[in-house]
Amino acid sequence: MAHRFKLIRILLRAVHGTRLLSHISLFSLFSRISRISLITLVGLAQPGWASSMAVVVIDDLGIEHRFESPPQRIITLLPSLTESLAILGGESRIVGVDRYSNWPASLAGLPRLGGLEDALIEAIAKLQPDVVLASTSARSLERLQALGFKVVRLRSDTHADIQRTLWILSQLLGTPHEGPRVWAQLQQQMAAASQRVPASLRGQRVYFEVDGGPYAAGRGSFIGETLWALGMDNIVPLSFGPFPKLNPEFVVRAQPDVVMGEASLQTAMNARPGWASIPALVKQQVCGFEAAHYEIMIRPGPRLGEAAAIMAECLISLARQ
Amino acid sequence: MMATLHKPQADNADVDADVDARAQARQRLTRWLLALLLVFALAGLATGTQGFSPAALWAELQSDQAWLILGQIRAPRTLGAALIGALLGLGGALAQGLFRNPLADPYLLGAAAGAGLAMVLVLSGATAWGITLSLNPWAWPGPMSLVLAAFWGAIAGVALTLTLAQGALHTPRLLLAGVVVAVLLGALSDLVTVASPQALRGRQAFMLGTTSFLGWPAVALLAAGTAALTALALRYARVLDALTLGEDSATSLGVALPRMRLVLVALLAAATALAVAHAGLVAFVGLVAPHLVRRHAPGAHAWLLGASTAMGAALLLAADVLARAIIPPQELPVGVITAVLGGSYLFVLLRRQGLQ
């Protein structure tokens with residue numbers, strides 16, 4: 001049996017073209033087999049291989065979690081993690097979610113288990129999850145760990161975090177190639193969206209407001225990274241951190257060319273002293289996203305490509321004005 | 001006692017009857033408190049994701065998850081809530097006796113602000129440098145790290161207040177120093193949350209107070225702390241009695257005031273720190289528990305301290321059960337319940353007669 005697993009693992013690597021290939025002496029033998037039959041072989045072998053394999057993942061706190069087989073009962077306490085699981089094909093294994101998870105819509109019937117800071121410990125315990133997915137720190141997580149549950153803690157602040165999360169989750173699900181595939185797909189979506197951004201707007205400086213504080217999405221946030229991928233610049237430099245609270249004066253001085261945020265944004269901004277002179281507001285270069293779209297944009301999850309497409313869509317409409 | 005002093009003309013029979021009535025009132029309250037504690041503790045065991053339901057408790061006992069759900073989750077959180085309430089009740093009675101002010105509460109001397117700041121620092125550190133910190137066995141991610149941080153933060157807050165007031169001798173100075181330290185440390189917490197907004201979530205939960213996450217180790221620690229602190233406080237109850245006559249009279253009665261006050265402040269700080277570290281800023285229990293005791297069965301401080309401890313336990317236990325029972329399977333933050341209940345009680349009391 002062990003021999004068979006080794007063989008299949010080598011086959012898997014062959015399909016995904018890792019550099020290990022060159023070191024495998026048997027490669028010449030395999031190369032005779034046609035590519036199609038290889039894929040069929042893997043396709044047939046994979047389910048059995050996946051469910052009988054022990055899974056080991058290391059979360060973002062550096063803690064190693066060992067599972068005898070890929071977990072079948074999963075609870076997520078963050079919307080972005082729920083979405084990532086669903087995209088990776090683990091939707092049917094989710095047995096409970098936090099109160100903010102609302103995508104995909106098919107999860108609506110699942111038990112709601114509160115938020116990170118007020119997670120319903122008893123309700124979670126009753127569901128007997130194999131693993132609980134959450135962000136890096138909250139008191140509820142310590143309690144769950146003390147009760148003997150496995151809590152995988154994942155950070156999601158940047159694109160790199162999202163990529164790593166997808167990778168870790170796909171390992172957890174026992175389908176390790178899904179993560180890189182979904183990430184590649186996301187990048188394709190972002191590249192496609194970037195292609196559509198009108199040339200006249202490329203390189204223009206955006207102010208993305210996440211809260212009326214005013215808090216901005218800086219160049220270093222995942223939103224800023226998406227804008228950067230679209231070829232747009234940001235008035236908030238990397239050094240300010242991901243979501244800095246700005247002096248309103250800074251925004252007026254920075255004279256953004258385009259302003260983005262929630263739909264109700266424009267009226268609120270025009271009412272702020274001195275803001276009416278901001279070029280983006282004078283020329284009505286404003287992207288006010290409706291609630292459903294805005295939600296996609298502010299979640300660091302697998303709908304990143306969709307968010308980029310919505311931004312591109314708005315930029316196209318701005319260029320037409 | 002105080003009331004009898006106001007009636008020097010009353011003859012001995014009257015005074016005796018009065019003393020008897022008060023002793024009876026105290027006995028009655030003791031019986032009530034014990035009964036309430038028992039009832040609420042049982043109600044706590046019977047309140048879960050289905051709300052308050054003894055039938056569900058029976059079903060739960062039959063299931064194979066009984067030990068996990070009842071033994072590991074419901075029992076410790078119910079007991080823990082009672083113990084935290086006890087600590088807050090004790091702290092409130094100590095503070096009100098020490099400052100001779102019915103509006104004093106356990107959070108007065110900077111303990112709350114200190115614990116809050118420590119909590120926010122750990123949370124922001126964990127998000128900013130989570131991986132580096134996790135290499136340190138003394139810090140993150142120890143299972144008690146947030147609790148430990150909050151405890152030492154509370155102690156540090158009170159220590160800072162004492163330094164600023166140059167000891168515990170002058171009441172107004174001590175109170176003022178407490179206010180200054182609370183404002184200062186609170187502002188520092190705000191500053192940290194501006195730099196790392198992720199800590200906001202934890203801070204809000206801390207401000208609201210919660211008894212959801214108490215396990216057996218926490219309960220053991222709380223029980224030991226409550227027992228030790230109550231015993232110590234009862235030993236110094238006579239000092240508080242002497243203080244009710246005024247600081248000068250207390251000194252003339254032979255109380256070594258500077259040292260005694262320092263001891264009492266230390267007890268207050270320890271009780272508050274222990275409670276706050278485990279449950280956050282549960283509002284009003286510390287303020288209301290001594291009032292309820294004084295109103296229904298006034299007495300000397302030995303009685304007041306002990307009864308306030310039991311009253312605090314009963315109050316927070318009831319609030320914890322309510323928090324779970326009102327909108328199951330969701331849970332309300334227990335601090336909101338105590339604030340609403342305690343606030344309305346004081347509101348009614350003030351409307352009716354003004355505070356004694």
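First the proteins, then the strands, lettered A, B, ... as listed; each starts at 1.
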Asker: What option among A/Lys126, A/Lys245, A/Gln128 has the most heavy-atom pairs under 4.5 Å with chain B?
Answerer: A/Lys126

Asker: Between B/Glu331, B/Gln72, B/Arg74, which shows the greatest number of heavy-atom pairs under 4.5 Å with chain A?
Answerer: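 Ranked by heavy-atom pairs under 4.5 Å with chain A, first place is B/Arg74.
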
Asker: Using the side chain to side chain contact (heavy atoms under 4.5 Å, CB included) rule, pick out the option among B/Leu83, B/Ile84, B/Thr78 that qualifies with B/Leu317.
Answerer: B/Thr78

Asker: What part of B/Pro76 gets within 4.5 angstrom of chain A, counting heavy atoms only: side chain, backbone, both, or neither?
Answerer: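 The side chain, not the backbone.
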
Asker: Looking only at heavy atoms and a cut-off of under 4.5 Å, which of A/Leu113, A/Leu144, A/Leu147 has the most pairs with chain B?
Answerer: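 Greatest number of close heavy-atom pairs with chain B: A/Leu147.
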
Asker: Could you tell me which portion of B/Ile73 (side chain, backbone, both or neither) has an atom closer than 4.5 angstrom to a non-hydrogen atom of chain A?
Answerer: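 Both backbone and side chain.
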
Asker: What residue in A/Gly114, A/Ser140, A/Gly148, A/Ala123 has the most heavy-atom pairs under 4.5 Å with chain B?
Answerer: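 Ranked by heavy-atom pairs under 4.5 Å with chain B, first place is A/Ser140.
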
Asker: Using a strict 4.0 Å threshold on nitrogen-to-oxygen distance, state whether A/Asp118 and A/Arg99 make a salt bridge.
Answerer: yes

Asker: Closer than 3.5 angstrom, by distance alone: can the side chain of A/Arg73 be matched with the main-chain N or O of A/Val95 as a donor-acceptor pair?
Answerer: no

Asker: Within the 4.5 Å heavy-atom criterion, are B/Phe40 and B/Leu322 side-chain neighbours or not?
Answerer: no

Asker: How far apart are the C-alpha atoms of B/Arg324 and B/Thr211, what are their side-chain angles, what is the distance that settles it, and do they pass the side chain to side chain donor-acceptor pair (under 3.5 Å) test?
Answerer: CA-CA 10 Å; B/Arg324 283 183 270 165; B/Thr211 44; over 6 Å; no

